[in-house]
Amino acid sequence: TKSLRAVGINYVTMAVPWTDVEVSEGVFRYDKFDAQIDKLARDGFGVILMLDFGGRQYFEDSGALTQRSVVPAWYLASQLQTLSRDFSGNLTPQVQLTNPTARRYTSRFVENASRYFKQRHGSAIFAFAIGMQEEFEIKFGQTGYTWRDYSPESLAAFRKQFNAEMPI
């Protein structure tokens, strides 16, 4: 970390996935992050915490990609009516923020987490960022989902109808 400070890096951004914090409905745990933030503060870094409920796929601490989402499994199981739909109309782990119930749960996470981290870590916390939504085109592109049919038949039908190649 000294080499980072030597080149002028003063702040570190850390993701705080909702699933790691609200381990079951209404039960909040922060111990996973405390030691990391304490070390960064001792080394002279300010910390920017991204409170993430954006629906992206979850990475283990080892860096391994999982089939889980940053949205807690208990929420996904109990709040289907508050989830977004992909281009095909299928439910996704993306929270639908136009739904009042979804806003209530995500607000509770943000308020609880920001209060805890500010009280526990004080001036080490420089700022909070909220990870609330991802662009579907990016998310589905990363997971191999394609929302447009690029089959030879579809390409031919497009060419016939518009006298042009289908944009890709």
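- Across N99 and T101, no two heavy atoms sit closer than the pair OD1-N, 2.8 Å.
- Note that CG of N112 is 4.0 Å distant from CZ of F28, once rounded to the nearest 0.5 Å.
- Linking Ile, Leu, Val, Met, Phe, Trp and Tyr whenever their side-chain heavy atoms come within less than 4.5 Å leaves F33 and Y11 in two separate clusters.
- Checked against a 6.0 Å centroid threshold, the rings of F117 and Y30 count as neighbours.
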Inset, instruction - For the pair K32 and D61, evaluate side-chain contact (heavy atoms from CB on, under 4.5 Å) and give the outcome as yes or no after the intermediate values. - result: CA-CA 10 Å; K32 175 178 180 171; D61 291 342; 3.0 Å; yes
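- Heavy atoms from other residues, nucleotides or ligands lying under 6.0 Å from CD of E60 number more than 12.
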Inset, instruction - Determine, step by step, whether T106 and I130 satisfy the side-chain contact (heavy atoms from CB on, under 4.5 Å) criterion, reporting the C-alpha distance in whole Å, the side-chain angles of both residues, the deciding distance to 0.1 Å, and the verdict. - result: CA-CA 10 Å; T106 55; I130 298 175; over 6 Å; no
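- E22 approaches W74 most closely through the heavy-atom pair O-NE1, 2.9 Å.
- With salt bridges taken as basic N to acidic carboxylate O contacts below 4.0 Å, none links R42 and D38.
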Inset, instruction - Show your reasoning for whether side-chain contact (heavy atoms from CB on, under 4.5 Å) applies to N10 and F45. - result: CA-CA 5 Å; N10 300 316; F45 292 96; 5.6 Å; no
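- The closest side-chain heavy-atom distance from F128 to L51 is below 4.5 Å.
- In this view, K118 satisfies the salt bridge (charged side-chain N to carboxylate O under 4.0 Å, His left out) rule with no residue, not counting sequence neighbours.
- Nearest heavy-atom pair across M14 and L40 is SD-CD1, 4.1 Å.
- Under the 4.5 Å side-chain contact rule for hydrophobic residues, V12 and I125 share a cluster.
- Linking Ile, Leu, Val, Met, Phe, Trp and Tyr residues whenever their side-chain heavy atoms come within less than 4.5 Å places V47 and I9 in a single cluster.
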Inset, instruction - In sequence, state the C-alpha distance, the side-chain angles, and the governing distance for V21 and R29, and then conclude on side-chain contact (heavy atoms from CB on, under 4.5 Å). - result: CA-CA 5 Å; V21 169; R29 297 206 43 197; over 6 Å; no
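- With a 4.5 Å cut-off on side-chain heavy atoms, D34 and Y116 count as touching.
- The minimum heavy-atom distance linking V16 with F109 is given by the pair O-CZ, 3.6 Å.
- Hydrophobic clustering (ILVMFWY, side-chain heavy atoms < 4.5 Å, transitive): F126 and L4 are in distinct clusters.
- There is no side-chain donor-acceptor pair under 3.5 Å between Q94 and Q96.
- Side-chain contact check for F53 versus T19: every heavy-atom pair is 4.5 Å or farther apart.
- When every heavy atom of S69 is checked against every heavy atom of L76, the shortest pair comes out as CB-CD1, 4.2 Å.
- Counting only N and O atoms by type, the side chains of Y75 and T82 include a donor and acceptor under 3.5 Å apart.
- The shortest non-hydrogen separation linking L97 to R103 is O-NH1, 3.0 Å.
- Two rings, from Y105 and W18, have their centers 6.0 Å or more apart.
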